[in-house]
Amino acid sequence: MNRLRTNIVAALAALYLVAFLLGGDAVAQQKTLKEQLVGTWTFVLSTGKLADGSPVWGSNPKGILIFTDNGHYSTQIVRADVPKFAAKNRLQGTPDENKAAVHGGIASFGTFTVNEANKSFTVRFEASTYPNNTGTEQTRPVTITGDELKVINPASSAGGQTELVYKRAK
């Protein structure tokens, strides 16, 4: 009987220890929205459409979104099909080459803050390749599921609201 009682106590102690450790991991893994955002994200797609219904960023777009722990961000998105300039000098592009370059990419950088309760972040544009954004701010709702980040841009530089999808860079 004594041996049985010892085994039961040992089993219960082991069970409590496992429950405590698993419970501690779950609490430790719960990160704030800001902690989840910080890092580098690669652009996957957006819901933005051109007037003809084709995707704003074409097929196989490239892009990156970076959030730093001290509140800075940088983002760039570029179409994969933007033609090269014949002059091999960006300052000597033809009107058509310049138009394709402007339509084919967007970049900005600045600072951001997070609203944990609203699951959103606000960017303050220090500079943007779309000059109308420079000096303004936008609040963007987000959802993070695993390594996927979905951002709602309420005022896309191409017009209207769009959803942007990113994957955490590895």
Side-chain angles (χ1 to χ4, degrees), residues 19-83 90 97-170:
F20 175 77
L21 291 175
L22 290 177
D25 278 350
V27 171
Q29 289 177 2
Q30 291 178 356
K31 294 182 178 180
T32 66
L33 179 58
K34 182 177 180 183
E35 290 169 333
Q36 293 177 67
L37 280 173
V38 167
T40 304
W41 300 86
T42 56
F43 182 69
V44 176
L45 62 91
S46 96
T47 58
K49 303 284 185 207
L50 297 173
D52 66 3
S54 64
V56 168
W57 300 111
S59 61
N60 198 31
K62 307 292 182 205
I64 193 165
L65 173 60
I66 301 167
F67 292 103
T68 66
D69 59 0
N70 64 348
H72 292 271
Y73 86 93
S74 177
T75 185
Q76 302 84 40
I77 302 173
V78 180
R79 289 178 64 105
D81 59 356
V82 176
R90 70 180 181 86
E97 290 170 335
N98 287 327
K99 181 179 179 180
V102 169
H103 286 207
I106 186 74
S108 68
F109 65 91
T111 60
F112 77 99
T113 55
V114 174
N115 183 321
E116 298 283 339
N118 290 342
K119 301 285 188 226
S120 66
F121 65 89
T122 299
V123 292
R124 288 172 188 79
F125 295 95
E126 191 172 319
S128 175
T129 56
Y130 178 56
N132 294 25
N133 280 346
T134 300
T136 67
E137 62 181 48
Q138 283 182 359
T139 298
R140 299 177 176 184
V142 298
T143 56
I144 299 174
T145 307
D147 285 338
E148 182 180 81
L149 168 66
K150 290 184 179 181
V151 179
I152 300 296
N153 182 344
S156 164
S157 61
Q161 177 174 298
T162 188
E163 182 179 76
L164 305 161
V165 178
Y166 297 86
K167 291 284 184 194
R168 187 172 296 280
K170 303 231 176 193

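For the pair Gln138 (side chain) and Ala155 (backbone), a donor-acceptor distance under 3.5 Å is present. Side-chain atoms of Thr42 do not come within 3.5 Å of backbone N or O of Ala169 as any donor-acceptor pair. Remark: side-chain polar atoms of Arg168 are not paired, donor with acceptor, to backbone N or O of Gly146 under 3.5 angstrom. No donor-acceptor pair under 3.5 Å is formed between the side chain of Ser46 and the backbone N or O of Trp57.
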Exercise for review: Before giving the answer on side-chain contact (heavy atoms from CB on, under 4.5 Å), spell out for Lys150 and Thr145 the whole-Å C-alpha distance, their side-chain angles and the decisive distance to 0.1 Å.
Suggested key: CA-CA 8 Å; Lys150 290 184 179 181; Thr145 307; over 6 Å; no
Practice item. Before giving the answer on side-chain contact (heavy atoms from CB on, under 4.5 Å), spell out for Glu35 and Leu37 the whole-Å C-alpha distance, their side-chain angles and the decisive distance to 0.1 Å. Key: CA-CA 6 Å; Glu35 290 169 333; Leu37 280 173; over 6 Å; no
Exercise for review: Begin with the C-alpha distance, continue with both residues' side-chain angles, and end with the deciding distance and a verdict on side chain to side chain donor-acceptor pair (under 3.5 Å) for Thr162 and Thr47.
Suggested key: CA-CA 5 Å; Thr162 188; Thr47 58; 3.2 Å; yes
Exercise for review: Would you check, one step at a time, whether the test side-chain contact (heavy atoms from CB on, under 4.5 Å) holds for Leu149 with Val142?
Suggested key: CA-CA 7 Å; Leu149 168 66; Val142 298; 4.1 Å; yes
Review point. Can you check side-chain contact (heavy atoms from CB on, under 4.5 Å) on Thr68 and Val38, steps first, answer last?
Key: CA-CA 5 Å; Thr68 66; Val38 167; 5.9 Å; no
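Two residues are said to be in side-chain contact when any heavy atoms from C-beta on lie closer than 4.5 Å; Asn115 and Thr122 fail this criterion. Asn153 has its side chain out of reach of Gln161: every pair of non-hydrogen atoms, C-beta onward, lies at least 4.5 Å apart.
Summarising the geometry, atom CH2 belonging to Trp41 is positioned 13.0 Å from atom CG belonging to Leu164; distances are rounded to the nearest 0.5 Å. Atom-to-atom distance recorded for Phe112:CZ and Glu137:CD is 14.0 Å, nearest 0.5 angstrom. Separating the CZ atom in Phe43 from the OH atom in Tyr166 is a distance of 6.0 Å, to the nearest 0.5 Å. Between the CD atom in Gln36 and the CD atom in Gln30 there is a gap of 10.0 Å [rounded to 0.5 Å]. Between atom CD of residue Gln76 and atom CD1 of residue Ile106 there is a gap of 10.5 Å, rounded to the nearest 0.5 Å. To the nearest 0.5 angstrom, Thr143 atom OG1 is 10.0 Å from Leu33 atom CG.
Of the N and O atoms on the side chains of Ser108 and Tyr130, not one donor lies less than 3.5 Å from an acceptor on the other residue. Using modelled atom types and a 3.5 Å distance limit, the side chains of Ser54 and Asp52 yield a donor-acceptor pair. Arg124 and Thr113 form a side-chain donor-acceptor contact under 3.5 Å, judged by distance and modelled atom types alone. In summary, the side chains of Thr139 and Ser120 do not present any donor paired with an acceptor at a separation below 3.5 Å, with no hydrogens or angles considered.
The two atoms that bring Ala80 and Ser59 nearest to each other are CB-O, 3.9 Å, heavy atoms only.
Under a 4.0 Å N-O distance rule, the pair Lys34/Asp69 does not qualify as a salt bridge. The pair Glu148-Lys167 meets the salt-bridge criterion, with a side-chain N (NZ, NE, NH1 or NH2) lying under 4.0 Å from an Asp/Glu carboxylate O.
The aromatic ring centres of Phe121 and Phe67 sit less than 6.0 Å apart.
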